[in-house]
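Below, read A as the first sequence line, B as the second, and so on, with proteins coming before strands; counting in each chain starts at 1. Since the structure is predicted, the reported quantities are computational estimates derived from the model, not experimental observations.
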Protein chains: 2
Amino acid sequence: MHKIGDFSRLSQVSVKALRYYDEIGLLKPAHIDPFTNYRYYSSEQLPRLNRILALKDLGLSLEQIGLLLVDELPVAAMQAMLSDKQAEIARAVEEQRARLARVEARLRQIEREGQPPAYDVVLKPVEPQLVLGARDVVACYGSGDELFGRVVQHLGRHGLDPASCYPLQTLYYDPEYRESDVDMMVAAPLPRPVPDGDGVHVEELPGVRVASVVHQGPYDALGGAYRALLEWLDTHRYCITGPNRNLYLQGPGDDADSATFVTEIQFPVEPRHPHAAG
Amino acid sequence: MHKIGDFSRLSQVSVKALRYYDEIGLLKPAHIDPFTNYRYYSSEQLPRLNRILALKDLGLSLEQIGLLLVDELPVAAMQAMLSDKQAEIARAVEEQRARLARVEARLRQIEREGQPPAYDVVLKPVEPQLVLGARDVVACYGSGDELFGRVVQHLGRHGLDPASCYPLQTLYYDPEYRESDVDMMVAAPLPRPVPDGDGVHVEELPGVRVASVVHQGPYDALGGAYRALLEWLDTHRYCITGPNRNLYLQGPGDDADSATFVTEIQFPVEPRHPHAAG
DNA sequence: GCGAAAAGTCCCCGATCTTGTGCATCACGC
DNA sequence: GCGTGATGCACAAGATCGGGGACTTTTCGC
């Protein structure tokens, strides 16, 4: 029988840890003096302690180890828990590798451009939203004004302040970039349903995961933001799964100078080849 | 200007988190109403928030991000921090992969043997220790009794109780297993130096990292423990760097039945090919 | 347009999660 | 009297989340 200090030296486990393992029931001393409360450990408890250390080394929590150390545990249970752990670690490794790839990509970008990236791409979910939409094929990207007019007018007709339908947005349905004959929709989120009308209709935009960037400044510089986002999608192996959206977070309607316009670009995406990331 | 809730919806960052970022100075609202203390955020703050999210996604802490977001930060500083992070993640990946390998090895072992391993190998440091040693080439493994005798006698001559020189141990110096003519030493840790004597000497055993298993039961079953340990060293790519030791934690001298003998086997080791673990 | 109810916001304290470490205080015994 | 043991509380580390009580703002009914 060893006092806790001796057992600690023997096992290279700190006294505090031994007391903690006692407290959580993982390794009770072989004997406790009822008068002094001194803990006494037996050499025969070393194998159990070593098993605890070995399982801890596999990444199992003390709680899980406690479950595994129950006597007569079916082998299948041990296998199940280790398999779970295996899957968990594999997932963690994959995630870390992806993160490493992201860090490397950013480093390379700084290297290449000599400065931090101008745009930061973030992935985020967008909730489904009920919108009033005006969709049409227009001559060019700049000629959606008439669609905005339709939407704002219709909102007014049904007692909705356009400011309460924030943010106004546009969606682009062409599968590839087009200079002319652009299939686009202007959409305004609705706090409550309204009837359809002349050239406008109510629909629910689906919820999607998007990659987004926020552009600040006049619209003629939006191209850089688009390029940055598309390049990011390429580098990080995402593919586009739906019409992209522009959200006019701060625009001409907000009494703002064009230098302070704020526009968010969203592309619905999903990972491409998740198993071939490296 | 948006109230915190609106900005939260816009950015998909929780209100709580926004308040926290304010508190730690990472993202102060563009305006705070001096009467109500309401926070008001501007759309133009979204790029900064997105940069925060992007850096967070790279695994940087909020504190580090705060350092990186200082205006006019030299590019080199950003690169340095990202490089550090890159190295850190690479290390983490490597460690996780090693752990994954350990879990897989254990699973395979259970698969193969149909039951959990009988021995758990743990790596641990052993401190240097001053010992009284009796070294000789003896006929076979079992014939070290005379060496034990020498040591115990010498201890007694200098007023030391063998019980205070715990645990007695043996070291085996042959570079490979031998059936006969075994070069071994019996050693007893010393609480204080004693003079050398007939066939015994004082020396300091070096501190080493060892792989160890604990065997419980009679000595004729020690072979299984040895095999388990050596197999583990092979599987986990460790090589032996010194004489192995047996520690007699509970043995014939402790009033014990041979079924309750407890012996620890230690092999000094170091990793073999650390870069070729997978 | 007014009052009341509902929703949003404030700040502050504490919990989370894990595996312990550090410190203070008191008891035991060689 | 010093080393060792006991107990118990606090703290750690990081990034929030939860809840409570007090205000403020918005909305809804009339």
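A:Ser42 places no side-chain N or O within donor-acceptor distance of the main-chain N or O of A:Met1, the cut-off being under 3.5 Å. The main-chain N or O of A:Tyr38 is never found under 3.5 Å from a side-chain atom of A:Asp33 such that the two would form a donor-acceptor pair.
With B:Asp6 as reference, B:Arg9 is the one residue of B:Lys3, B:His2, B:Arg9 to meet the side-chain hydrogen bond (donor to acceptor under 3.5 Å, both in side chains) rule. Just one residue in the list A:Val186, A:Leu160, A:Val194, A:Val152 forms a side chain to side chain contact (heavy atoms under 4.5 Å, CB included) with A:Leu132, and that residue is A:Val194.
Within residues 10-21 of chain B, the residues that place at least one heavy atom under 4.0 Å from DNA chain C are, in residue-number order, B:Lys16, B:Arg19.
Chain B approaches DNA chain C within less than 4.0 angstrom (heavy atoms of the protein), and the contacting nucleotides run 5' to 3' from C:dG8 to C:dC12.
No side-chain heavy atom of A:Gln169 sits less than 4.5 Å from a side-chain heavy atom of A:Glu264. The shortest side-chain heavy-atom distance between B:Arg19 and B:Val15 falls under the 4.5 Å cut-off. Residues A:Arg106 and B:Leu55 have side chains in contact (heavy-atom distance under 4.5 Å, counting atoms from C-beta outward).
With rounding to whole Å, B:Arg39 atom CZ is found 14 Å from D:dT24 atom C1'. The CZ-C1' distance, from B:Phe35 to D:dT24, rounds to 14 Å in whole Å.
Across all strands, A:Leu62 comes closer than 4.0 Å only to sugar-phosphate atoms, never to a base (heavy-atom distances).
Judged by distance alone, the side chains of B:Gln129 and B:Glu204 never bring a donor and an acceptor atom under 3.5 Å apart.
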